[in-house]
Amino acid sequence: MNLTVMPGDGYVVVQPDTDSLDVTQAVAFKQQMVQVATQGEKRVVLDLSTVAFMDSSGLGAIISCMKALGRDGELVLCGAQSGVQMLLNLTRMDRVIRLFPDREAAAAALSGR
Amino acid sequence: MKALNGEVSGVSVPGKEIAPGIQAGLNVRIRPEACELKPPIYIGGSATVEDGARIVGPTWIGAGAHVAGGAQIFRSLVFDHTRIHSGATVRDTMICGSYSVRSDGTVLDLERSDIDFLVRDARDTTAALTEDQRQLLDLLDEFHKGISPDAPSGSTET
């Protein structure tokens with residue numbers, strides 16, 4: 001599992017190259033996400049449009065990244081497919097993390113446009 | 001759901017009205033004044049709704065179900081003997097066994113997603129959290145404590 005990292009205007013977009021963020025991928029995903037968060041990037045867009053399935057391990061990795069970003073940073077999600085959205089709804093993560101339909105909407109929000 | 005809304009002629013919701021628009025079967029354990037309830041709601045026999053639960057109708061809670069305090073259920077159908085954890089939000093969904101089916105047809109396999117500790121069989125008294133599940137719950141609690149109930153998605157439920 002690798003993350004594609006694309007710099008933006010005051011933020012960075014990351015996208016995993018997997019369709020399943022489960023227990024088999026979560027460790028590598030978490031390591032790379034935390035690495036992005038600790039490299040000075042404070043605003044991160046996680047593009048989940050390729051991810052059809054996520055389990056509690058993937059969710060835990062996202063939470064770890066949020067913790068690594070700290071209070072002055074922000075992680076937002078975009079492109080979440082319906083099953084992933086249901087997981088976020090059920091666990092109430094949609095109350096602590098902003099969700100956007102696509103990368104452009106997330107970037108616009110983070111850029112303050 | 002249409003029956004709960006009174007939209008099906010000749011069909012009446014069973015049970016006794018314990019509060020305006022809240023019907024309950026036999027042996028239901030609930031203190032309506034200690035919960036946030038928005039009718040119409042039906043609660044099946046022998047179900048338990050703990051203090052602090054939030055249920056927005058039209059919602060059908062099946063017989064023997066258990067809704068923990070802090071759980072939130074919006075416009076949903078919860079099958080018999082389902083336990084909803086305090087950290088769970090069920091919205092526009094049918095909960096049946098380990099499957100959650102949203103009104104748009106999306107299916108979430110709770111067991112495969114390893115979040116069946118949030119929604120599980122209320123009769124299974126042996127179920128214990130794994131260490132990973134406990135850690136995830138602690139992390140979720142930590143985040144939820146620092147936010148207002150309706151922040152930040154803006155999808156305030158009424």
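The chains referred to below are lettered A, B, ... by the order of the sequence lines, with proteins before strands, and numbering in each begins at 1. Quick note: numbers below take in every heavy atom, side chains included, and nothing from hydrogens, waters or symmetry partners.
Around the CZ atom of A:Phe53, the shell of radius 6.0 Å holds more than 12 heavy atoms that belong to other residues, nucleotides or ligands. The number of heavy atoms from other shown groups lying within 6.0 Å of CD (B:Glu111) does not exceed 12.
For B:Leu137, no part lies near chain A; criterion is any non-hydrogen pair under 4.5 Å. At a 4.5 Å heavy-atom cutoff, the contact between B:Leu118 and chain A is made by side-chain atoms alone. Residue A:Leu99 does not touch chain B at all, counting heavy-atom pairs closer than 4.5 Å.
Of the possible donor and acceptor atoms, none in the side chain of A:Arg103 sits under 3.5 Å from a partner among the backbone N and O of A:Ala107.
With respect to B:Asp92 and B:Arg102, no salt bridge is recorded, no charged nitrogen being found less than 4.0 Å from a carboxylate O.
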